[in-house]
Amino acid sequence: MRSSRGGRDLGRLSGPVGLACLALLPVMLGARTYLLQTLTHALLFATLALSWGILRFSGPVSFGHAAFFGTGAYAAALAATALGLSPWSGLALALLVSLLVALLFGLMALDLRGPYFSLASLAGAEVLRSLALNWVSLTNGPAGVVGIPSLPRLPLPWPVGGPSSADYYVILALLLIVLAAAAGLRRSRFGLAQKAAREGERPARALGVPVFRAQLLALLTSGGAAGLCGACYAHLVQYLEPSLAFNVMLSATPMVMAMVGGPLTLLGPVAGGLALYTLNELVLVRITTAAHGLLYGVAIMAIVLLLPRGLADLLRGPGVPWRSWQSTT
Amino acid sequence: MAPFLLWQVLASGLLTGLLYALLAAGFALLFGIVRTFNLAHGELLILSGYLALGLRDVGGLPLMAAVPLVAAAAAGLALLLHQGVARLQEPRELGSLVFTFGASLALQGLMLLIWQGNYRLLLAEALEAGVAIGPVTLSAKGLLAAMGSLLLIGGLAWFLGRTLEGKALRAVSLNREGASLMGIHLPRAERLAFAIGGGLAGVAGLLYALIHALYPAAGLEPTLIALTLTILAGVGRLGGLLAGGLLLGVLEAAVVLLAGGAWRELAIALFLLLVLRLSGTGLLGRRRE
């Protein structure tokens, strides 16, 4: 049997080593832009899955993360095209607007019991999709928003390379910021309160845990992060329409990714997102595009039936570095 | 508003409402017996519409002859769904929601694979005419859908109220443990509920497709409607479904008249949020923990 100390050291090392690999990837890939763009999107969806996991950590299961994603995407797109703001201030505006939507939704729905919250999130996303489709004077309706500028560049101390690798670094930075926020939240007093709220809302309330405040904080962090993902997505694809920004798959995808990786862990949703997106893009799309929803749907059903705690359960054993993911919960 | 417009809104809203009550009937039955919101309900409806379309276009079957086939297919699919739901870990409440959400995505993907994303209409030329009754004009297909809905809801009420099997189902929805102690076999009751709920969804889907366009993602709207009415009515109240359906139908007709047809989806989703909000705080007699 391996000593648990060795396992822990390995677990601690895997973070910096993984980060260094991710940071150097554009240099290693060089001119292979298609691969780099795929990885950029994979990082974006990993961040979206992480944002779903931030809320799930405190209890509520969201069926409507497309609402925050779409809000952020439209805010950034309209800030850049209609208002003529610079991309950075557009991203800040997108963050503000999606925080506002999360706040309104939280005040309205957070005190609903589990399944009823999930249903409210489903309906909330549908309300926003319908608004984006029909409020033509604001969003240009089904015709969509065109001419969105590309992402701004990060001032990095080493040569960034072409536009695709510049995009890659922005999304990587976004993932790291959201990851740091999530980790900080979990270590704080609110992290404990969120865990208590998830494991037993009534006993937690009885003990004086501020359940509502803890869950609202999770919802704000989660909604803001998902909004930033949407905003970056708008700049990445440079075109937006309601069925793209508020697609129900944008609610389903982060849910599947987080559930595959382990919804209650910190790095599980990220790993699930990276693995599923690249698998989907590099293998499945070559076979058929329409089967995308079919496969994700079947994956959800299989996971709920067979592995309610995620695929990470299969890989996790005594002394395996993946174990360190669990220790953050 | 001119008085004849008011009558028109009321009449067409009532027709729509009857169909909505039927949409919700199978969904509400399942919720009563299994305490599961079946989020794949709408996809079951849309798939049934596609099946009727396929039977007519490929098999040359008239719509009336397709009804039993579509109902049987939908019941079979619902029984398949039950195989999964029955195996979920307790507590099933949230797990079943996620499971049926997965099923709805899978069915959407399947429909996209088979029929592509185009809008399809289940047109029947004999039904395209309008029927004038007093001051209002109603579409023939709307009338047919409403009459069919009324017939099926009446049949369901008779089954639940008068037959031994139906009474057993009602007993399970009122008190699971008590019903089990009285000798009602719960798994059998669940299977029966899924089969009936699926069959109802099949026929409802065919009627729904007479009025609404079919496309793979169309299932979300009927699911939201069924959810709204079920939560509004509470468990085991067929009359409540009917009243809620009529209310939603008239509300929708008014929105369409005043704001335009594009806003009806928004009205339905907002109405669901309102119902969730009110039921969550106990205004409609539902508890919050």
Side-chain angles (χ1 to χ4, degrees), chain A residues 59-61 63 105 108-136 141-142 201-202 205 243 247-249 251-253 255-256 259 263 288-306 308, chain B residues 35-37 39-40 43 81 84 87-89 91 93-114 116-117 216-217 220-221 223-224 227-228 231 259-260 262-277 279-281 286-289:
Chain A
V61 176
F63 282 24
F105 185 64
M108 202 196 61
L110 255 187
D111 60 341
L112 295 175
R113 263 177 356 112
Y116 293 88
F117 174 87
S118 301
L119 297 174
S121 67
L122 191 67
E126 181 65 5
V127 166
L128 287 177
R129 187 191 66 83
S130 193
L131 268 182
L133 200 60
N134 292 312
W135 193 351
V136 179
E201 196 175 320
R202 276 164 67 109
R205 256 183 230 288
S243 61
N247 197 311
V248 67
M249 282 308 285
S251 298
T253 315
M255 184 169 160
V256 182
M259 280 170 50
T288 164
T289 45
H292 184 86
L294 180 61
L295 286 166
Y296 271 47
V298 171
I300 293 184
M301 290 195 283
I303 293 166
V304 180
L305 269 184
L306 308 171
Chain B
R35 292 295 143 123
T36 293
F37 289 122
L39 291 184
E43 276 68 28
L81 204 61
R87 281 173 174 73
L88 290 173
Q89 287 183 348
E93 213 178 11
L94 203 55
S96 64
L97 209 58
V98 178
F99 183 82
T100 56
F101 186 56
S104 84
L105 292 176
L107 285 178
Q108 267 186 45
L110 192 68
M111 290 189 279
L112 190 62
L113 214 56
I114 302 176
Q116 273 80 45
L220 183 60
E221 201 186 311
T223 300
L224 293 184
L227 259 173
T228 311
I231 297 170
W263 295 98
R264 53 181 287 275
E265 290 175 349
L266 182 71
I268 289 170
L270 276 177
F271 192 61
L272 172 56
L273 275 179
L274 185 73
V275 167
L276 278 169
R277 187 60 265 172
S279 65
T281 49
R286 188 173 274 285
R287 76 284 158 202
R288 198 193 93 66
E289 292 190 18

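Side-chain atoms are counted along with the backbone in the values below, which use heavy atoms only and exclude waters and symmetry mates. Lettering follows sequence order; numbering is per chain, from 1.
In this structure, no portion of A:L128 lies under 4.5 Å from any heavy atom of chain B. With a 4.5 angstrom heavy-atom cutoff, A:V298 touches chain B via backbone and side-chain atoms both. Residue B:L227 touches chain A through its side chain alone, counting heavy-atom pairs closer than 4.5 Å. Of the two parts of B:L224, only the side chain, counted from C-beta on, holds a non-hydrogen atom closer than 4.5 Å to a non-hydrogen atom of chain A. For B:L39, the part lying under 4.5 angstrom from a heavy atom of chain A is the side chain only. The part of B:L272 that comes within reach of chain A is its side chain, from C-beta onward, which places non-hydrogen atoms under 4.5 angstrom from that chain. With a 4.5 angstrom heavy-atom cutoff, A:A109 touches chain B only via backbone atoms.
Nearest heavy-atom pair across B:A106 and A:M301 is CB-CE, 4.1 Å. In this structure, B:L97 and A:L119 approach most closely via the heavy-atom pair CD1-CD2, 4.2 Å. Listed here is the closest heavy atom pair of A:V127 and B:A269: CG2-CB, 3.5 Å. Of all the heavy atoms in B:G84 and A:L305, the pair that sits closest is O-CD2, 3.4 Å. Contact detail for B:L105 and A:A252: the closest heavy-atom pair is CD1-CB, 3.3 Å. Of all the heavy atoms in A:N134 and B:A262, the pair that sits closest is ND2-O, 2.9 Å.
Here OH of A:Y116 is found 4.0 Å from CZ of B:F37. Values are rounded to the nearest 0.5 Å. B:L266 CG to A:W135 CH2: the interatomic distance, rounded to the nearest 0.5 Å, is 11.0 Å. Here the straight-line distance linking atom CH2 of B:W263 with atom CG of A:L131 works out to 6.0 Å at 0.5 Å rounding. A distance of 8.0 Å separates CG of B:L276 from CE of A:M108, quoted to the nearest 0.5 Å.
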Can you check side-chain contact (heavy atoms from CB on, under 4.5 Å) on A:D111 and B:R277, steps first, answer last?
CA-CA 9 Å; A:D111 60 341; B:R277 187 60 265 172; 3.0 Å; yes
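Between A:E126 and B:I268, the closest side-chain pair of non-hydrogen atoms is not below 4.5 Å.
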